[in-house]
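Just so you know, these numbers come straight off a predicted model, no measurement behind them.
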Amino acid sequence: MSGSSLYDVLGISISATCNEIKAAYRSLARVCHPDVVAVNKRENSASEFMRINQAYLTLSDPEKRATYDRELCRCTAKELGAVASSMAAASAAAASSHLSGFTRKKWESDQCW
């Protein structure tokens, strides 16, 4: 799904109820279904409708939704872990720098009178 979650495809929150999922699917289906759109937009509409339909099929089934949510959390945790480790590496590099112990002098002590 090219970086967006199934919740983003339907435009709903992760805590959406079954009725909210169904309502979002129906409103998007009315707009994106290939039988409804203009002839010149049918190819793009068909692929978009298939994404919407797949999102609905996954999120409307409680077992599939639970599996998807676990996988989504696992991916999110990996991304957060990668960001945290890169920040820790940058912090360690800054701490090992020869300038890390340098403190700036106060203005009053800089004066040569």
Side-chain angles (χ1 to χ4, degrees):
M1 290 266 155
S2 72
S4 64
S5 73
L6 298 180
Y7 295 102
D8 294 336
V9 171
L10 291 179
I12 57 175
S13 70
I14 292 175
S15 61
T17 64
C18 291
N19 288 335
E20 291 171 332
I21 293 169
K22 189 174 189 177
Y25 170 72
R26 286 184 174 196
S27 66
L28 289 171
R30 277 189 222 114
V31 176
C32 295
H33 196 280
D35 291 342
V36 177
V37 298
V39 174
N40 60 348
K41 296 181 182 180
R42 282 198 178 151
E43 188 172 319
N44 292 337
S45 174
S47 64
E48 183 67 21
F49 180 74
M50 288 187 337
R51 288 180 67 213
I52 293 167
N53 190 41
Q54 184 60 42
Y56 174 70
L57 290 175
T58 301
L59 297 178
S60 63
D61 182 348
E63 290 179 16
K64 289 181 182 178
R65 183 177 182 181
T67 302
Y68 176 76
D69 287 345
R70 280 192 297 274
E71 187 63 31
L72 186 64
C73 288
R74 190 175 303 139
C75 290
T76 304
K78 285 180 184 178
E79 291 170 3
L80 290 175
V83 169
S85 64
S86 67
M87 288 176 58
S91 175
S96 66
S97 170
H98 69 283
L99 297 176
S100 65
F102 179 79
T103 57
R104 188 169 180 181
K105 294 181 179 179
K106 301 225 186 270
W107 183 79
E108 296 87 11
S109 63
D110 262 352
Q111 301 301 315
C112 284
W113 298 96

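Annotation: side chain of Leu6 is not in contact with side chain of Tyr56 (no heavy-atom distance under 4.5 Å). Between Tyr7 and Asp69, some side-chain heavy-atom pair lies under the 4.5 Å cut-off. With contacts defined as side-chain heavy-atom distances shorter than 4.5 Å, the pair Leu10/Ile52 qualifies.
Note that CG of Asn53 and NE2 of His33 are 8.5 Å apart. Values are rounded to the nearest 0.5 Å. Note that OG of Ser5 and CD of Glu71 are 13.0 Å apart. Values are rounded to the nearest 0.5 Å. The distance from the OH atom of Tyr68 to the CG atom of Asp61 is 14.5 Å, given to the nearest 0.5 Å. If you take OG on Ser60 and CG on Asn19, they are separated by 12.0 Å, rounding to the nearest 0.5 Å.
For the pair Phe49 and Cys32, the tightest heavy-atom approach, listed with the atom from each and the gap, is CB-O, 3.7 Å. Minimum interatomic distance between Val9 and Arg51 (heavy atoms only, all atoms of both residues): CG2-NH2, 3.4 Å. Closest heavy-atom contact between Ala46 and Pro34: CA-CG, 3.7 Å. Across all their heavy atoms, Ile21 and Leu59 have their closest contact at CD1-O, 3.6 Å.
Remark: the backbone N or O of Ala24 is paired with a side-chain donor or acceptor of Ser27 at under 3.5 angstrom.
Taking hydrophobic clusters as Ile, Leu, Val, Met, Phe, Trp and Tyr residues chained together by side-chain heavy-atom distances below 4.5 Å, Ile12 shares a cluster with Ile14.
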